[in-house]
Amino acid sequence: MGPPGIEPESCSPAQEPPASPAPPAEEPEPSEAAPAPQQEAEGVPPVAQGSRPGGPGSKGQAKRCGAGKGSRGKRGSTRRAGEEGGRPARRAHVTVDSSKAKTSLEALKISLRQLRWKEFPFGRRLPCDIYWHGVSFHDNDIFSGQVNKFPGMTEMVRKITLSRAVRTMQDLFPEEYNFYPQSWILPEEFPLFVAEVRMMKESDPPWKPTFIVKPDGGCQGDGIYLIKDPSDIRLAGNLQSRPVVVQEYISKPLLIDKLKFDIRLYVLLKSLEPLEIYIAKDGLSRFCTEPYREPTLKNLHQVFMHLTNYSLNIHSGNFIHSDNVNTGSKRTFSSVLYRLSSKGVDIKKLWSDIISLVIKTVLALTPELKVYYQSDIPAGKPGPTCFQILGFDILLMKNLKPVLLEVNANPSMRIEHEQELSPGVFENVPSPVDEEIKVAVIRDTLRLMDPHKKKRKDNQSQLSENSSDTKDDLLEPGSTDQLEHDISKNPEASLPSLCLKQVFPKYAKQFNYLRLVDRMAALFIRFLGVKGTMKLGPTGFRTFIRNCKLSNSSFSMASVDILYIDITRRWNSMGLDQRESGMCLQAFVEAFFCLAQRRYKSLPLHEQVASLIDFCEYHLAILDEKRLVCSRGITERRAALVTCQPDGLHLTPATHAPLLNRMTAANKLTDYRNYRS
Ligand code: ADP
């Protein structure tokens, strides 16, 4: 639909440009962009880093490897930031590898200049503190530091995967997840789509729906079209090879100047375990370029009226490039909010609804993201920590309800646009609106990830966590938090206050009850067995059933096998991921729902599932306790043996590690028992 897009907006892997070649293993070129006042001498520490805050199991782990191993640890112990033998020390610069930054390079360079950090535009032989990738986690092989992409994120936000993840949450919490339009995944759900639409039409004859068809993995409006009836689906274009998501079309959007617009909000997933989410206080609003009219058969094909994509509307003669953030076809979201507030709209409520939408969406994505994470960076193996800026596309309905359109793993961070000077002659010109928003997002993401500040920040988040216990109202735009305040006290005081606002764990209390799939994913990961896999084999599933005491006289192990085979076969036949055989997380969740429904018949689904999770966790905690007691016995016997050794053998710390883990499990069991009593 419409002309081909030109903006390198986020694309799924199918559209993504291939990763550029690996950086030369040459001595780094000093960055032109970051002429740091005190150049870091090679071999002088980039500052030791601690645990892996970005990944599951980050607490208490300190893993480094390769070139960084040893040298980093030593460096960290020999120098403390800000002090050296009683006199002020040179501040080591944070080092950033920008060799894979692609289209975000310009905004990144400006950010690094503002921060006075050291850029390595061609990569570096020694490890860098931060790696900035333009496409995915795998743009480069990294074993230490931090990288701005999570493994699996691109896959997770594809249209089909996102729809599935949200639908699972809709099954459990339909009211809470009604911010996502009703969707069907075709071709497999075509009969369901037809049947449901027929049923809805029969029960509500005046209902004249419109649907939007979006190819999976598409971006920039590519291949999108509107239909009025399921029979209008273009089946000719081989759905099997390019499946689509069909969605209820939101036909009454909020209009400004008679134009449809959407919101691009930037969200930082700072860490997966523990979950930390930040939202940028400002974003972009992208406007259509033809006045909006509700869809009719006559106007269905008018892209400039129905689709807000910048990459499409830029081709319209009506597109207005403006240096003013309050006007034009691309504006700041704050300017839209200002406009709405002047019309009496309750901005605080709107903003709070948007925050809820973002948190709930992230909660839908993170369980499977953890499966990807443990597969790419198994616990105990070296790896970088991850963070990621996501682009949330949100539409406001006429009644001001925010609706999630999609999530972009690689939101465009370009700060310039193409302008046609004369027919066929194009030039890249700066885009002040993009620069204002995007540079702030990148710069402040870096400030939050600053490895030098990590220690201090950990203390601060502890503080703000405590204070948030008493302050649990939803966010007020522009309000400051503890971290923001503290950062302004350090040498970065010349920088503006942080544009990113923590929303999780700040509001965790209001959303933690939604984390059922997260707890199911923890069970799933526990039984995956061999590290690095993403699918559960039949033995793993049987062990799960046995360890959680889920089989009994009315549910034999033979029935367990049948359940496994039925569900796994169906999910694998959908052809999503054929690389591995076995049960994927979504299939496990479906099996879990079946088990929960069998056991707790009369409850609503989310209560059935919550009860079964409690039941499983309880039995696993007992099992862990038994193993702990058992291993204590072994340890005591070993200790006796050690004392008997004439040459005085010592147990290595590695011998104690599993024991410590089990002790944690035993403590959990005690907590659980206290909670139940
Ligand atoms: P793409 O990744 O190709 O940009 P989107 O899902 O963002 O796909 O859809 C493109 C545009 O279509 C959106 O920016 C929005 O303007 C419009 N759109 C998408 N889904 C809906 C919907 N359910 N209702 C109304 N408009 C929609």
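As the structure lists them, so they are numbered: ligands from 1, and atoms in each ligand from 1. Nothing here was measured: the structure is a model prediction, and the numbers come from that model.
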Distance alone, cut at 3.5 Å: any donor-acceptor contact between the side chains of Tyr249 and His306? yes
Pick one of side chain, backbone, both or neither for how Lys214 approaches ligand 1, counting any non-hydrogen atom pair under 4.0 Å. side chain
Please indicate whether any nitrogen or oxygen in Lys260 is less than 3.5 Å from any nitrogen or oxygen in ligand 1. yes
Can you name the one residue among Asn313, Thr308, Asp262 that meets side chain to side chain donor-acceptor pair (under 3.5 Å) with Arg286? Asp262
As an exercise, identify every atom of ligand 1 less than 4.0 angstrom from a heavy atom of Pro181. 23 (N)
Under 3.5 Å, is there a donor-acceptor pair between the side chain of Gln388 and the main chain of Phe150? yes
Counting from 1, what ligand 1 atoms have a heavy atom of Asp262 closer than 4.0 Å? 14 (O)
For ligand 1, which atoms, with element, lie under 4.0 Å from some heavy atom of Ile224? 3 (O), 8 (O), 9 (O), 10 (C)
Within-shell test, Lys159 vs ligand 1, heavy atom, strictly < 4.0 Å: yes
State whether the side chain of Asp216 and the backbone N or O of Lys159 hold a donor-acceptor pair below 3.5 Å, judged by distance alone. yes
Just which atoms of ligand 1 are under 4.0 Å from any heavy atom in Ile250? 22 (C), 24 (N), 25 (C)
I'd like to check which ligand 1 atoms, numbered from 1 as shown, lie under 4.0 Å from a non-hydrogen atom of Gly218. 2 (O)
Give the intermediate values and the outcome of salt bridge (charged side-chain N to carboxylate O under 4.0 Å, His left out) for residues Lys330 and Asp434. CA-CA 9 Å; Lys330 199 193 262 188; Asp434 287 291; 3.0 Å; yes
Check whether any side-chain N or O of Asn148 sits under 3.5 Å from a backbone N or O of His133 as a donor-acceptor pair, and report yes or no. yes
Pair Lys401-Asn178, side-chain donor/acceptor within less than 3.5 Å: yes
If hydrogens are left out, which of Asn309, Val303, Thr308 has an atom nearest to atom 15 (C) of ligand 1, that is, the closest non-hydrogen atom? Thr308
Pick one of side chain, backbone, both or neither for how Leu307 approaches ligand 1, counting any non-hydrogen atom pair under 4.0 Å. both
